[in-house]
Amino acid sequence: MDEETLERVREVVRAIPPGTTSSYGEVAARAGLPGRARLVGRILAEDGHDLPWHRVLRADGTCAPQIAREQAARLRVEGVLLVDGRLPRRKG
DNA sequence: CAGATGACGCCTG
DNA sequence: ACAGGCGCCATCT
């Protein structure tokens, strides 16, 4: 991992405002790494402990099973309610 | 080098 | 809503 890429992703995640959410793909794109959603997940798993990683969800608004509980719990504190384990997406 | 895995995402049937 | 396949990158075995 290049430290630059690492920092870039970390910064993007840090820039996610409280009470809002983003997706791995979104973060990757914002970090200048379009299509590298996988990488974002890895980075958060390794060096995202001190980041608002709970504001990052999957592209469909769901969270990863292993962190789903933490995700939901942390988001809840910020006022984000998860319905059935996912963001209240409308058919829009 | 080859095979398998993972906090992912998009497409097709 | 569910299942299968492909692309993506880094890491471990």
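Each chain gets a letter, A, B and so on, in the order the sequences are listed, and its residues count up from 1.
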*Is A/R58 atom CZ crowded by more than 12 heavy atoms from other residues, nucleotides or ligands, each under 6.0 Å away?*
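Atom CZ in A/R58 is packed in, count exceeds 12.
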Spacing of the [atom1] atoms in [M] and [N] (rounded, Å):
N: B/dG6; M: C/dC8; atom1: C1'; result: 12 Å
N: B/dT5; M: C/dG5; atom1: P; result: 15 Å
N: C/dA10; M: B/dC1; atom1: P; result: 16 Å
N: B/dG3; M: C/dC6; atom1: P; result: 15 Å

*Going from CD on A/Q71 to CZ on A/R55, what distance comes out if it is rounded to the nearest 0.5 angstrom?*
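One finds 11.0 Å between CD of A/Q71 and CZ of A/R55.
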*asked:* Please give me every residue in residues 5-19 of chain A whose heavy atoms get under 4.0 Å of an atom in DNA chain B, ordered by residue number.
replied: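 Within this stretch, nothing sits under 4.0 Å of the strand.
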*Can you list the steps and then say if A/L57 with A/L75 is a side-chain contact (heavy atoms from CB on, under 4.5 Å)?*
CA-CA 11 Å; A/L57 300 156; A/L75 285 177; 4.1 Å; yes
*asked:* Between A/L87 and A/V80, is there a side-chain heavy-atom distance shorter than 4.5 Å?
replied: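 Touching, per the 4.5 Å side-chain cut-off.
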_Contact check, side chains of A/I43 and A/M1, non-hydrogen atoms, under 4.5 Å_ =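 They are in side-chain contact.
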Between the protein and nucleotides 1-4 of chain C, list every N/O to N/O distance that falls short of 3.5 Å.
from	atom 1	to	atom 2	distance (Å)
C/dA1	OP2	A/R86	NH2	3.4

*Criterion side-chain contact (heavy atoms from CB on, under 4.5 Å) on A/L39 and A/V9, from CA distance to verdict*: CA-CA 9 Å; A/L39 190 54; A/V9 172; 5.8 Å; no
*Residue pairs passing the salt bridge (charged side-chain N to carboxylate O under 4.0 Å, His left out) test where at least one lies in residues 61-73 of chain A, sequence neighbours excluded*: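 Output for this query lists A/E70-A/R74.
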*Sort and list the pairs that fulfil salt bridge (charged side-chain N to carboxylate O under 4.0 Å, His left out) and have at least one residue in residues 44-53 of chain A, not counting sequence neighbours.*
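Of all non-adjacent pairs touching residues 44-53 of chain A, those that pass salt bridge (charged side-chain N to carboxylate O under 4.0 Å, His left out) are A/R10-A/D50, A/R42-A/E46.
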*Rounded to whole angstrom units, what separation is found between the CZ atom of A/R36 and the P atom of C/dT11?*
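Nearest whole value for this atom pair: 15 Å.
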Which donor-acceptor pairs under 3.5 Å do the side chains of residues 19-38 of chain A make with protein atoms, sequence neighbours left out?
from	atom 1	to	atom 2	distance (Å)
A/T20	OG1	A/P17	O	2.5
A/S23	OG	A/E26	N	3.1

*Determine the minimum heavy-atom distance between A/G85 and A/C63, stating which atoms define it.*
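Of all heavy-atom pairs spanning A/G85 and A/C63, the closest is O-SG, 3.6 Å.
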*Does A/D60 use its side chain to pair, donor to acceptor, with the backbone of A/T62 at less than 3.5 Å?*
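Between the backbone of A/T62 and the side chain of A/D60 there is a qualifying donor-acceptor contact (under 3.5 Å).
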So which protein nitrogen or oxygen atoms get under 3.5 Å of nucleotides 6-10 of chain B's nitrogens or oxygens?
from	atom 1	to	atom 2	distance (Å)
B/dG6	N7	A/R38	NH2	3.3
B/dA7	OP1	A/Q66	OE1	2.6
B/dA7	OP1	A/Q66	NE2	3.0
B/dA7	OP2	A/Q66	OE1	2.4
B/dA7	O5'	A/Q66	OE1	2.5
B/dA7	N7	A/A45	N	3.2
B/dA7	N6	A/L44	O	2.9
B/dA7	N3	A/Y24	OH	3.3
B/dC8	OP1	A/R58	NH1	3.4
B/dC8	N4	A/R38	NH2	2.8
B/dG9	OP1	A/Y24	N	3.4
B/dG9	OP1	A/G25	N	3.1
B/dG9	OP1	A/A59	N	3.2
B/dG9	OP2	A/A59	N	2.7

